[in-house]
Amino acid sequence: MTQETFPVFLVTKTDEHQFTTKVVEQSFDALPPGDVLIQVHYSSLNYKDALSATGHPGVTKKFPHVPGVDAAGKVVRSAVPQFQADHSVIVTGFDLGMNTWGGFGEYIQVPADWVMPLPRGLTLRESMILGTAGLTAALCIQAIRENGISPSSGEFLVTGATGGVGSLAVSILAKLGYSVVAATGKSAYRDFLKSLGASAIVTREEIQDRSDKPLLKGRWAGVVDTVGGNTLATAIKSTQYGGCVTACGLVGGANLTTTVYPFILRGVRLIGIDSVQCPMQKRLSLWSKLAAEWKPAQLDNLASTVDLFQLPEQINKILKGGNVGRVLIALQPVAR
Ligand SMILES: NC(=O)c1ccc[n+]([C@@H]2O[C@H](COP(=O)([O-])OP(=O)(O)OC[C@H]3O[C@@H](n4cnc5c(N)ncnc54)[C@H](OP(=O)(O)O)[C@@H]3O)[C@@H](O)[C@H]2O)c1
C-alpha cells in the first residue's frame with residue numbers, strides 16, 4: 001500500500017477535560033491491532049456516536065478516539081482465510097467506535113469475529129443506511145414476531161419515529177403489513193412518516209401519562225420504544241393483553257417507573273434489545289432479512305450523506321433530538 005496516512009474524525013480530551021473534534025491525518029501505526037484491515041467506504045451516525053464524540057464516559061473512556069460504531073468497506077489485508085482482499089464487508093457494534101477506533105476514519109482494523117460479509121441484496125451504501133439502527137429495528141421486530149404478535153394482533157406503536165431506529169422500524173413494520181402508529185416530536189414530518197408507511201401519527205405528548213394509574217386503555221399489540229423514561233412507562237401500561245414491548249433506547253431518559261400490573265394482569269412482555277453484543281449467527285440471519293423481504297422500499301429516501309467535516313453539525317443535531325432518518329458518512333471521494 002503506497003498511502004501512508006488517512007483522514008479520521010478525531011476526538012481529543014483537553015487538559016481542561018473538554019472534548020474537541022478535528023479531521024486529521026493519521027498513520028496506519030495508530031490503528032489498534034486486529035486480524036482484518038478494512039478500507040471504509042461508508043459509516044453512519046448513531047446516537048451513541050454523538051455521545052462518544054462528546055466524551056460520554058459510558059461509551060468511550062480512552063481518548064484521543066475515533067467514533068463510529070458502523071463501517072462498511074473493502075478488505076485490504078486479512079490474517080484469516082474467510083476474508084480476502086477486496087471482499088465487501090460490514091462491521092457494526094462490538095467495541096467498534098466505543099474504545100476501538102471506529103468508522104469515522106478511512107481505515108479500521110478489527111478482530112475477524114466482528115466482521116461479516118456484505119449480505120447479498122445490499123450495496124455498501126445501503127448497508128450503512130441500515131447500519132446499527134437497522135439491526136436494532138430488526139432485533140425489535142424479530143422479538144415481537146417470536147412472541148406471536150402478527151399484523152392481525154392490533155396496532156403497533158413506534159416512538160422516536162423520525163429518528164434512525166424509529167424510521168427504519170416504521171418502514172419495516174409497514175412493509176410486513178403491521179398497522180403502525182408513529183409517535184414524533186416533529187410535526188413538520190407527518191408526511192415523511194406517512195410516506196414510510198405509518199397509518200397514523202401521534203405527538204410525543206399524546207403518549208405521555210403522568211397520572212398514577214397502573215393501567216391505561218390497552219391499545220398497543222406491540223411497541224418499538226427508542227425513547228425510554230416516561231414514554232416507555234406509558235407504553236407499557238397502554239399495551240393490550242398479551243402484547244409485547246421492546247425497549248432499545250434512552251433519548252428521553254434512562255429511568256423506568258412502572259408497576260407490575262401490566263405484567264401480572266395483562267401478561268405484557270417487556271423485552272430488552274441489545275445490538276452491540278448480538279451473536280454473529282443472529283446478526284447474519286437478521287441482515288439477510290434486511291437485505292431481502294424486510295428491506296425498506298425507500299431506503300435511499302431515509303439517508304442524507306455527509307463527509308467527516310460536516311459531522312460536528314450533525315452530532316449537535318442528533319444530541320438535540322433533531323435527527324431525521326439516517327446520516328450516512330461517505331469516506332471515499334468517489335462515494336460522496
Ligand atoms: N439497544 C441497542 O442496541 C441500540 C442500538 C441503536 C440505538 N439505540 C438507542 O436508541 C435510541 C435511538 O437511537 P437513534 O440512533 O435512532 O437516535 P436518533 O436518530 O437521534 O433518534 C431518536 C429520536 O427520538 C426522538 N427524541 C429525541 N429526544 C427525545 C426526547 N427527549 N423525548 C422524546 N423523544 C425524543 C426524536 O424523534 P421524534 O422527533 O420523531 O420524536 C429523535 O429523532 C438511542 O437512545 C440509542 O442509544 C440502542
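Computation of the quantities below employed the complete heavy-atom set of this structure, encompassing side-chain atoms and omitting hydrogens, waters and symmetry-equivalent molecules. Whatever order the structure lists them in is the order used to number ligands and atoms, beginning at 1. The chain is numbered in sequence order, starting from 1.
- Salt-bridge formation is detected for the pair Asp70/Arg326: a Lys NZ or Arg NE/NH1/NH2 atom is positioned less than 4.0 Å from an Asp or Glu carboxylate oxygen.
- For Arg269 and Tyr241, the positive end is not near the middle of the six-membered ring at less than 6.0 Å and at most 45° from its axis.
- Looking from atom 39 (O) of ligand 1 to the surrounding protein, the closest heavy atom is Lys186 NZ, 2.8 Å.
- Proximity to Ile273 (heavy-atom distance under 4.0 Å) selects the following atoms of ligand 1: 1 (N), 2 (C), 3 (O).
- Given atom 8 (N) of ligand 1, the protein heavy atom at minimum distance is Cys248 O, 3.6 Å.
- Considering backbone and side-chain atoms alike, Gly252 places every N or O at 3.5 Å or more from each N or O of ligand 1.
- Formation of a donor-acceptor pair under 3.5 Å by the Gln277 side chain with backbone atoms of Phe94 is not found in this model.
- Rounding to the nearest 0.5 Å places CD1 of Ile207 at 7.5 Å from OG1 of Thr234.
- At least one N or O atom of Thr184, backbone or side chain, sits closer than 3.5 Å to an N or O atom of ligand 1.
- Within 6.0 Å of the OH atom in Tyr189, the count of heavy atoms belonging to other residues, nucleotides or ligands does not exceed 12.
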**OP:** Given side chain to side chain contact (heavy atoms under 4.5 Å, CB included), test Thr21 with Leu10 step by step and report yes or no.
**Re:** CA-CA 6 Å; Thr21 63; Leu10 195 71; over 6 Å; no
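- Thr54 places a side-chain N or O within donor-acceptor distance of the main-chain N or O of Ala50, the cut-off being under 3.5 Å.
- Annotation: atom 27 (C) of ligand 1 to nearest protein heavy atom, Gly321 CA, 3.6 Å.
- A donor-acceptor distance shorter than 3.5 angstrom exists from the side chain of Tyr178 to the backbone of Ile149, with no hydrogens or angles considered.
- Remark: ligand 1 atoms within the under-4.0 Å shell around heavy atoms of Asp274 are 3 (O).
- Considering backbone and side-chain N/O atoms, Gly185 comes within less than 3.5 Å of an N/O atom of ligand 1.
- Residue contacts with ligand 1: Thr231 is placed with no nitrogen or oxygen under 3.5 Å of a nitrogen or oxygen of the ligand (distance criterion only).
- Ligand 1 has no nitrogen or oxygen under 3.5 angstrom from a nitrogen or oxygen of Val227.
- Residue contacts with ligand 1 include Arg204, since one or more of its heavy atoms lies under 4.0 Å from the ligand.
- Against a heavy-atom cut-off of under 4.0 Å, Gly164 is close to the following atoms of ligand 1: 16 (O), 18 (P), 19 (O), 21 (O).
- Taking the six-membered ring where the residue is Trp, Phe28 and Phe6 present tilted rings, their angle falling between 30° and 60°.
- The distance from ligand 1 to the heavy atoms of Gly249 drops below 4.0 Å at these ligand atoms: 9 (C), 10 (O), 11 (C), 45 (O).
- In terms of protein heavy-atom proximity, atom 11 (C) of ligand 1 is closest to Thr226 O, 3.4 Å.
- Between Gly322 and ligand 1, not a single N/O pair is under 3.5 Å apart.
- Counting only N and O atoms by type, the side chains of Ser27 and Glu4 include no donor and acceptor under 3.5 Å apart.
- Contact annotation: for Ala161 versus ligand 1, heavy atoms closer than 4.0 Å belong to the backbone alone.
- Two different hydrophobic clusters hold Val245 and Val165 under the rule that ILVMFWY side chains link at heavy-atom gaps under 4.5 Å.
- Classification of Glu126 and Lys295 as a salt-bridged pair holds, one side-chain N sitting under 4.0 Å from a carboxylate O.
- The contact set between ligand 1 and Ser275, taken as ligand atoms under 4.0 Å from a residue heavy atom, comprises 2 (C), 3 (O), 5 (C).
- Nearest protein heavy-atom contact of atom 13 (O) of ligand 1 is Tyr47 CB, 3.7 Å.
- The protein heavy-atom contact nearest to atom 45 (O) of ligand 1 is Leu250 N, 2.9 Å.
- For atom 6 (C) of ligand 1, the closest non-hydrogen atom of the protein is Thr136 OG1, 3.4 Å.
- For a threshold of 3.5 Å applied to N or O pairs, the pair formed by Gly166 and ligand 1 contains no separation below that value.
- Residue Thr132 has no N or O atom closer than 3.5 Å to an N or O atom of ligand 1.
- Rounding to the nearest 0.5 angstrom, the gap separating the NZ atom in Lys289 from the CG atom in Leu135 is 12.0 Å.
- Considering only non-hydrogen protein atoms, atom 25 (C) of ligand 1 sits nearest to Gly160 CA, 3.6 Å.
- Here the straight-line distance linking atom CE of Met280 with atom OG of Ser285 works out to 12.5 Å at 0.5 Å rounding.
- Within ligand 1, the atoms closer than 4.0 Å to a non-hydrogen atom of Thr162 are 37 (O), 38 (P), 39 (O), 40 (O), 43 (O), numbered from 1 in the order shown.
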